[in-house]
2 protein chains.
Amino acid sequence: MSIDSKIKEVKKCPVQYVLAIQEAMNAIQGKWKVHIIASLLFGPKRFSEIQKSVGRINPRMLSKELKELELNGIIKREIQNISPVVIEYSLTESGCKLKKVLDAMIDWGIEHRVISLKKLKHGK
Amino acid sequence: MSIDSKIKEVKKCPVQYVLAIQEAMNAIQGKWKVHIIASLLFGPKRFSEIQKSVGRINPRMLSKELKELELNGIIKREIQNISPVVIEYSLTESGCKLKKVLDAMIDWGIEHRVISLKKLKHGK
DNA sequence: CAGCATCCTCACCGATACTG
DNA sequence: CAGTATCGGTGAGGATGCTG
């Protein structure tokens with residue numbers, strides 16, 4: 001079965017529907033996952049670079065989140081065999097495709113804020 | 001400024017980017033929010049109907065999640081003045097628009113699963 | 001029917017210090 | 001640089017029983 005028809009099928013069944021969503025939720029939930037993914041959308045980075053760009057995350061958390069993202073197939077960890085050794089993190093194919101999800105969330109987030117403000121003004 | 005240009009602007013700035021995403025994350029995070037929203041996408045429902053359709057959620061949790069969703073402007077709670085009194089929950093305008101986000105997550109979720117399985121087969 | 005009150009537990013997360 | 005080890009707080013969420 002093609003992916004497209006599979007998608008259509010899932011959208012009809014409430015149970016499958018929620019399961020597929022949770023697959024995506026898993027990928028981005030946790031306090032830092034979105035920050036890390038967003039950071040890597042701007043290009044591959046090393047551990048300390050991510051740490052800087054994310055801000056105020058401690059190494060234990062960063063290490064943990066990176067491991068989970070890697071296990072989930074969102075990012076990949078590569079050891080460059082140049083000297084000195086450099087370890088670089090980057091998004092996988094799946095990881096890159098998450099951008100569509102994040103973009104949909106941004107569109108909604110901004111629209112939602114606008115709608116909420118409008119209702120406040122009108123005293124609703 | 002129009003919403004569209006506001007969206008374009010936000011997507012350029014990493015900080016704004018993540019903030020807008022978290023606006024959306026807030027709306028759907030929690031163990032039951034997606035279930036509840038998905039349930040209400042099929043039409044307005046009463047407390048006990050939601051409870052049945054979601055399955056195994058206890059009333060305390062359902063009550064709490066519904067309150068949060070209402071406060072966030074995702075659902076509305078309406079008391080029908082017929083006798084006996086009926087209390088009905090339904091999605092707001094913003095709530096309905098969340099469907100786009102959920103659909104994007106489903107698309108990604110299914111594709112991601114397919115990609116992962118392929119890699120397993122090829123022994124990567 | 002549509003919730004609220006209470007108690008409890010465990011996973012999430014932070015701070016700090018240490019290592020190859 | 002790229003992490004690991006240890007300790008400790010807090011809050012999300014479960015179980016159960018009660019109420020207008």
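A note on names: the letters A, B, ... follow the listed sequences, proteins ahead of strands, and every chain is numbered from 1. None of the values given here were measured: they were computed from a predicted structure.
When rounded to the nearest whole Å, the span between CD1 of Ile50(B) and P of dC1(C) equals 14 Å. Per the geometry, OH belonging to Tyr89(A) stands 11 Å off C1' belonging to dC1(D), to the nearest Å. Residue Leu62(A) contributes atom CG, which lies 16 Å from atom P of dA5(D) at whole-angstrom precision. With rounding to whole Å, Ile75(B) atom CD1 is found 13 Å from dA2(C) atom P. Put simply, CZ on Arg77(B) is 12 Å from C1' on dC1(C), counting in whole angstrom units. Distance Gln51(A) CD to dC1(D) P: 9 Å, rounded to the nearest Å. Rounded to whole Å, the distance from CD on Gln80(B) to C1' on dA2(C) is 15 Å. With rounding to whole Å, Ile36(A) atom CD1 is found 14 Å from dG3(D) atom C1'.
The side chain of Lys67(B) contributes an N or O atom lying less than 4.0 Å from OP1 or OP2 of dC4(C).
In this structure a side-chain-to-backbone donor-acceptor pair under 3.5 Å is missing from Ser5(A) to Met1(A). Thr92(A) places a side-chain N or O within donor-acceptor distance of the main-chain N or O of Gly73(A), the cut-off being under 3.5 Å.
Proximity of Lys121(B) to Lys118(B): side-chain heavy atoms (C-beta onward) are nowhere separated by under 4.5 Å. The shortest side-chain heavy-atom distance between Leu102(A) and Met105(A) falls under the 4.5 Å cut-off.
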Note to self: Across nucleotides 10-20 of chain C, 5' to 3', mark each nucleotide with B, S or - according to how protein heavy atoms within less than 4.0 Å reach it.
What the structure shows: ---BBB-----
Note to self: Let's go through Lys76(A) and Glu70(A) carefully: what are the C-alpha distance in whole Å and the side-chain angles of both, what is the deciding distance for salt bridge (charged side-chain N to carboxylate O under 4.0 Å, His left out) to 0.1 Å, and is it a yes or a no?
What the structure shows: CA-CA 6 Å; Lys76(A) 52 178 179 288; Glu70(A) 197 192 348; over 6 Å; no
Next item on the list: Kindly indicate, with the supporting measurements, whether the criterion salt bridge (charged side-chain N to carboxylate O under 4.0 Å, His left out) is fulfilled by Lys45(A) and Glu88(A).
Entry: CA-CA 6 Å; Lys45(A) 285 197 175 52; Glu88(A) 208 173 55; over 6 Å; no
